[in-house]
Protein chains: 2
Amino acid sequence: MAKSGTSSSVVGRDSSRSAGTRTKLIEAAIETLKAEGFAGSSARAIAGRAGVNQGLIFYHFDSVANLLLAALDSVSARRMEHYGAAIDRVGSPSELVDVATAIFREDLDAGYVAVLVEMIAGASSTPGLGPAVSARLGPWFSFAERAVTTTLGPTLDPVLPAGDVAYGIVALYLGLEMLTHLDGDRARALGLFAHAKNLAGLLEALAVPTETRQP
Amino acid sequence: MAKSGTSSSVVGRDSSRSAGTRTKLIEAAIETLKAEGFAGSSARAIAGRAGVNQGLIFYHFDSVANLLLAALDSVSARRMEHYGAAIDRVGSPSELVDVATAIFREDLDAGYVAVLVEMIAGASSTPGLGPAVSARLGPWFSFAERAVTTTLGPTLDPVLPAGDVAYGIVALYLGLEMLTHLDGDRARALGLFAHAKNLAGLLEALAVPTETRQP
DNA sequence: GTCTATACTTGGATAGAC
DNA sequence: GTCTATCCAAGTATAGAC
């Protein structure tokens with residue numbers, strides 16, 4: 001459905017001389033979702049922020065919903081790249097909490113999770129948007145699951161399956177973003193991460209006090 | 001700002017012969033928020049569901065946003081009443097998880113938390129709505145805190161303040177509602193509650209094995 | 001006091017100019 | 001291929017009928 005290239009160029013980038021209207025629109029869509037929410041992300045609002053005519057949205061993306069999905073794809077891709085790099089240098093649970101705290105702070109500042117939240121909440125109002133958004137949640141789940149698995153390992157897998165924990169973590173992440181975004185008080189959420197750090201340290205002290213691992 | 005009574009009657013109810021247009025509108029607003037989301041809750045959509053002329057919204061509530069806030073007040077009041085009754089007959093942590101599970105299932109079916117989620121997410125798009133919604137979150141926090149305090153008591157309060165735990169629980173609750181509502185799969189969320197039940201049982205076994213309490 | 005008919009504004013989408 | 005002018009539907013809000 002969505003058009004693939006901007007020009008007849010063979011390369012994947014949109015390298016025509018028009019300075020990438022597509023890219024500008026996607027960037028403006030992200031900004032508008034963050035600042036005005038889903039309900040405020042009209043074609044005119046987004047185009048105004050991008051400094052282009054609103055008709056271009058329908059030329060490049062066919063509909064506003066498609067543009068918003070492209071915006072969600074864009075943030076997801078950026079975040080997953082960043083997350084993946086961060087998670088690879090994590091060993092212990094408390095290190096995981098440290099990384100998670102830093103990432104959460106970044107996401108809050110940049111408003112990346114706000115985009116996701118608005119798209120999920122907004123999906124109720126546009127027919128067909130729900131499944132599309134749902135499909136794009138996959139990377140977030142699998143990233144969280146990978147983070148849990150690589151740090152906690154199969155240690156607590158029998159009592160707490162990594163997939164279930166990942167689901168809860170994503171849900172908590174979304175909820176904390178909502179609350180923080182609503183009242184602008186990030187201290188409450190960050191306080192929770194501080195407590196998690198303590199619990200992680202406690203967990204490390206309890207678990208495998210002797211090096212019981214097979215090569 | 002909002003009009004208080006419907007007629008010049010002395011009683012608090014709207015007891016005029018008009019069969020309660022206000023009430024019908026509030027009910028329709030709740031249903032519309034659940035089904036169509038914030039972005040889909042226009043004056044026309046709500047009035048259509050209520051079977052009344054859309055102009056009545058502005059007569060009775062001055063604006064759509066005010067009607068939506070009244071709808072949020074209505075669900076909050078109902079839920080708090082129900083929650084309060086349920087929490088009073090809870091003693092142990094695992095009982096708390098049982099009650100929380102039942103309540104979560106109810107909220108999912110009835111869509112009460114969906115209303116809250118949509119209002120929080122939608123607050124970004126309407127100037128002034130954020131603080132109004134934020135103010136209405138107070139009861140949810142204090143209920144969660146009360147639930148945590150009465151069951152876990154001051155036992156783990158030093159390491160995990162009840163207020164912080166309550167904040168996290170509300171956030172998790174909102175996030176689970178979003179995800180469940182999005183893909184219609186409530187098994188994932190309910191599975192988490194099952195794990196919480198196990199952990200609660202574990203906690204009970206560990207904590208205060210001897211009756212160490214002062215009268 | 002309650003409600004309806006109507007005015008005006010904003011939003012989605014496209015035909016056609018460049 | 002890129003963009004603008006324009007159309008029509010949907011939204012908010014109110015003047016005035018009952």
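Predicted model only: the values in this text are computed from it and were never measured. Every chain is numbered from 1 and lettered A, B, ... according to where its sequence line falls, protein lines coming before strand lines.
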Next on the checklist: Looking at A:R78 and A:E106, is any side-chain nitrogen of the basic one under 4.0 Å from a carboxylate oxygen of the acidic one?
Outcome noted: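 Answer for the salt bridge query: no.
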
Item to check | A:E27/A:K24 ion pair, N-O < 4.0 Å | outcome: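 So A:E27 does not pair with A:K24 through a salt bridge.
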
Rounded to the Å, how far apart are [X] [atom1] and [N] [atom2]?
X     : N      : atom1 : atom2 : value
A:I57 : C:dT14 : CD1   : P     : 14 Å
B:F61 : C:dG1  : CZ    : P     : 16 Å
A:K24 : D:dC3  : NZ    : C1'   : 12 Å
B:L56 : C:dG1  : CG    : P     : 15 Å

Next on the checklist: side chain to side chain contact (heavy atoms under 4.5 Å, CB included), that's the test. Do B:L108 and B:V113 meet it? Break it down for me.
Outcome noted: CA-CA 7 Å; B:L108 233 50; B:V113 188; over 6 Å; no

Item to check | side chain to side chain donor-acceptor pair (under 3.5 Å): pairs with one or both residues in residues 165-179 of chain B, sequence neighbours excluded | outcome: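 Every pair satisfying side chain to side chain donor-acceptor pair (under 3.5 Å) with a residue in residues 165-179 of chain B: B:D107-B:Y173.
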
Next on the checklist: For A:G122 versus A:S125, what's the shortest heavy-atom pair and its separation?
Outcome noted: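 Closest heavy-atom pair between A:G122 and A:S125: O-OG, 2.8 Å.
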
Shorter than 3.5 Å, N or O on both sides, protein versus nucleotides 15-18 of chain D: list them out with atom names.
none

Next on the checklist: With a cut-off of less than 4.0 Å, is there a side-chain N or O of B:H60 near OP1 or OP2 of C:dG1?
Outcome noted: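 So the side-chain polar atoms of B:H60 never come under 4.0 Å of the phosphate oxygens OP1 or OP2 of C:dG1.
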
Checklist entry - Any side-chain N or O of B:Y59 under 4.0 Å from OP1/OP2 of C:dC3? => result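 For C:dC3, OP1/OP2 do not have a side-chain N/O of B:Y59 under 4.0 Å.
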
Next on the checklist: Can a donor-acceptor pair be found, under 3.5 Å and without considering hydrogens, that links the side chain of A:E118 to the backbone of A:G37?
Outcome noted: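 Here the side-chain-to-backbone pair does not exist.
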
Checklist entry - Say you draw a straight line from CD1 of A:I87 to NE2 of A:H82; how long is it, rounded to the nearest 0.5 Å? => result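 With rounding to 0.5 Å, CD1 (A:I87) is 11.0 Å from NE2 (A:H82).
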
Tabulate atom names and distances for all N/O pairs under 3.5 angstrom spanning the protein and nucleotides 7-13 of chain D.
{"from": "D:dG11", "atom 1": "OP1", "to": "B:S42", "atom 2": "OG", "distance (Å)": "3.0"}
{"from": "D:dG11", "atom 1": "N7", "to": "B:R44", "atom 2": "NH1", "distance (Å)": "2.4"}
{"from": "D:dT12", "atom 1": "OP2", "to": "B:A43", "atom 2": "N", "distance (Å)": "2.7"}
{"from": "D:dT12", "atom 1": "O4", "to": "B:R44", "atom 2": "NH1", "distance (Å)": "3.1"}
{"from": "D:dA13", "atom 1": "N6", "to": "B:Q54", "atom 2": "NE2", "distance (Å)": "2.1"}

Item to check | Working for side-chain hydrogen bond (donor to acceptor under 3.5 Å, both in side chains), residues B:R136 and B:S76 | outcome: CA-CA 8 Å; B:R136 276 149 238 255; B:S76 288; over 6 Å; no

